[in-house]
Amino acid sequence: MKSAEERKKITVHLVNHTHWDREWYFSDQDSLVLSDLLFSNIILELEKQPQVNFVLDGQLSVLDEYLELHPENFTRIRRLVEKGQLQIGPWYTQPDTLHLNGESLLRNGIIGNKKAQKYGQSLKVGYLPDTFGFNCQLPVIFNELEMNSFVFWRGLDPDKTKSFYFRWRSLGGNRVVTAINMPQGYGTGMLLQPNKAYIKGRLDPAVKFIEDQLINNVTDVVIPVGNDQLGLTSDLERKVKQINELGEYKYIISDFPNFIARTNENTLREYVGEFLDPVFARIHRSCGSSRMDIKIAAATLENLLLYQVEPLMVIGKKCGINLSNELLTKSWEKLLESQAHDSLAGSIVDSVATDILHRLKEGTQLAQGIINTIQRLISVNLKLNGHQILLTNPLPQKRTEYYEVRVITNAKNIFFEDVEDMVLLKQ
């Protein structure tokens, strides 16, 4: 049992945030309506509390959508982002990480970083507070996106990691991030109250639970202050001062980068493996088989973008066909908005499922439009006649396999002069 003096040596980093589901049992339009008031209040509160910061759930899409309603607030938001008070990104949308291609995670981070540039800077933390499990190779993705840390909740088994704060290495060990687990979830310090009942009944016990797992000389603990669709905690400086008068620990206003920097000063344990254990929270494994129509539609668009659209755009540019990258980005956005952790997992109501399928349909139509345009223009450039077929190879090596091609023609005998070998399968 530690003494009161020893407990005061533990520094508790209080990180104010909101967890913002784009859609769930409510639609993305419902979420937009709520952001109209809530985000405006967050801006006002941050301007009134210059020593306070706020994490906007690690995704840019909700901020972009808010600014479509309030473009007049762009300068104020940029000022707060540049000062580090409003922390945005690194993702375009909060992603599911189990039911998609790793390349989609890379595109999510790339698009998120690009969109963050107009605001000034992006949070360089692999922030995934509510995702339903994690692949063992995610450190590779994080490092490729210049993220060296990871903050999460679900899936951890402390008997495997031996700590809540540790080094997470990829298979092979060549990629590593500092992993920060929130064992009681992202709502641990929600509705922060500077009274004895709250501190003794909730806050101090939450810190002690983590403290009991601390190793070596680690003396810092992080407690997230926020929850689903919650705004910034008002009068935070005063509340933290009162909490320090009543609590057993030293509480400070902080953020994830500062806490991670402090944690990195210590020698941490290392772990290699996935996070799929429902020890502290459910990871909803049934999501793997729910809403399969959404998963199939998302995978279809994902494969179309990765293995046809992107290679064709490169080929097209070599042929002088300069379609805008914004078209490609727009199609990716439709997919990424549908790969959010509730959306792709399928833990949604029927009306939201209809919205997602329509969004994926739009993204697929846009992708197919890009393919059709590039192929048509290449055919024109090559001066192909009505008796020639254009085949494109999207891979970086020569292909020699047979390909099945469907041809619509009124000719009884089909023959291609420039083909080495062909077999008529069906007439």
Side-chain angles (χ1 to χ4, degrees), residues 60-61 64 90-93 95 100-118 140-141 144-146 296-339 344 356-409 414-422:
L60 266 295
S61 63
D64 283 349
W91 310 105
Y92 174 63
T93 60
L100 45 72
N101 192 307
E103 292 290 339
S104 288
L105 286 176
L106 283 171
R107 303 305 187 280
N108 200 326
I110 291 168
I111 292 174
N113 183 65
K114 179 182 177 182
K115 288 183 174 292
Q117 291 175 6
K118 66 176 178 285
V140 176
I141 304 292
E144 287 296 317
L145 293 170
E146 299 182 341
I296 292 170
T300 299
L301 175 54
E302 184 179 64
N303 289 335
L304 204 61
L305 289 169
L306 290 173
Y307 305 122
Q308 294 190 51
V309 176
E310 290 187 355
L312 263 177
M313 289 192 75
V314 174
I315 294 171
K317 287 187 185 299
K318 290 288 186 179
C319 298
I321 303 168
N322 294 310
L323 284 181
S324 169
N325 282 336
E326 294 306 315
L327 281 173
L328 174 63
T329 299
K330 192 70 176 177
S331 187
W332 268 110
E333 287 174 1
K334 295 291 185 181
L335 177 60
L336 298 176
E337 289 164 8
S338 306
Q339 287 182 332
L344 189 58
I356 295 170
L357 287 170
H358 179 69
R359 191 185 306 139
L360 290 168
K361 180 181 179 182
E362 290 181 319
T364 300
Q365 289 173 336
L366 185 55
Q368 290 172 336
I370 294 172
I371 293 171
N372 293 338
T373 299
I374 293 175
Q375 290 180 333
R376 179 176 57 82
L377 292 176
I378 289 177
S379 299
V380 171
N381 290 348
L382 292 174
K383 296 181 173 58
L384 299 186
N385 60 45
H387 299 285
Q388 292 177 299
I389 289 177
L390 174 69
L391 290 179
T392 55
N393 176 17
L395 298 179
Q397 64 265 5
K398 185 177 180 180
R399 306 289 297 276
T400 58
E401 300 94 327
Y402 280 91
Y403 291 91
E404 185 174 329
V405 178
R406 183 182 180 187
V407 178
I408 300 175
T409 176
I414 301 174
F415 179 77
F416 300 99
E417 293 182 357
D418 52 352
V419 173
E420 291 182 7
D421 188 29
M422 58 173 285

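Values in this document were obtained by computation on a predicted structure and should not be read as measured data. Values reported hereafter were calculated over all heavy atoms of this structure, with side chains retained and with hydrogens, waters and symmetry mates removed.
Other residues, nucleotides and ligands contribute more than 12 heavy atoms inside 6.0 Å of the CD atom of Q388. At most 12 heavy atoms of other shown residues, nucleotides or ligands fall within 6.0 angstrom of atom CD in E420. Residue-environment remark: NZ (K361) stays at or below the threshold of 12 foreign heavy atoms within 6.0 Å.
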**Item:** Stepwise side-chain contact (heavy atoms from CB on, under 4.5 Å) check, K334 with L360
**Value:** CA-CA 6 Å; K334 295 291 185 181; L360 290 168; over 6 Å; no
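In terms of modelled atom types and a separation under 3.5 Å, the side chain of S379 and the main chain of L384 share no donor-acceptor contact.
Of all non-hydrogen atoms in L344 and A298, the two that sit nearest each other are CD1-CB, 3.9 Å.
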Let me check something: any side-chain donor-acceptor pairs from residues 104-111 under 3.5 Å, sequence neighbours excluded? List them with distances.
unit_1 : atom_1 : unit_2 : atom_2 : d
S104   : OG     : E302   : OE2    : 2.5
R107   : NE     : E310   : OE2    : 3.0
R107   : NH1    : E103   : O      : 3.2
R107   : NH1    : E103   : OE1    : 2.6
R107   : NH2    : E310   : OE1    : 2.8
N108   : OD1    : Y92    : N      : 2.7
N108   : OD1    : T93    : N      : 3.1
N108   : ND2    : T93    : O      : 3.1
N108   : ND2    : T93    : OG1    : 3.4

Would you list the atom pairs, donor with acceptor, under 3.5 Å between side chains in residues 311-327 and any protein atom, with sequence neighbours excluded?
unit_1 : atom_1 : unit_2 : atom_2 : d
K317   : NZ     : L323   : O      : 3.4
S324   : OG     : E326   : N      : 2.9
E326   : OE2    : K114   : NZ     : 2.9

Do any side-chain atoms of residues 366-373 form donor-acceptor pairs under 3.5 angstrom with protein atoms, and if so which ones, sequence neighbours left out?
unit_1 : atom_1 : unit_2 : atom_2 : d
N372   : ND2    : Q368   : O      : 3.2
T373   : OG1    : G369   : O      : 2.8

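Using a 4.5 Å cut-off on side-chain heavy atoms (C-beta onward), W91 and N113 make no contact. No side-chain heavy atom of T300 sits less than 4.5 Å from a side-chain heavy atom of L304. Residues L301 and S331 meet the side-chain proximity criterion, which asks for heavy atoms closer than 4.5 Å.
The NZ atom of K330 lies 14.0 Å from the CG atom of L335; values are rounded to the nearest 0.5 Å.
In this structure, R359 does not pair ionically with E333, as no charged nitrogen and carboxylate oxygen lie closer than 4.0 Å.
Between the side chains of N393 and Y403, not a single donor N or O lies within less than 3.5 Å of an accepting N or O.
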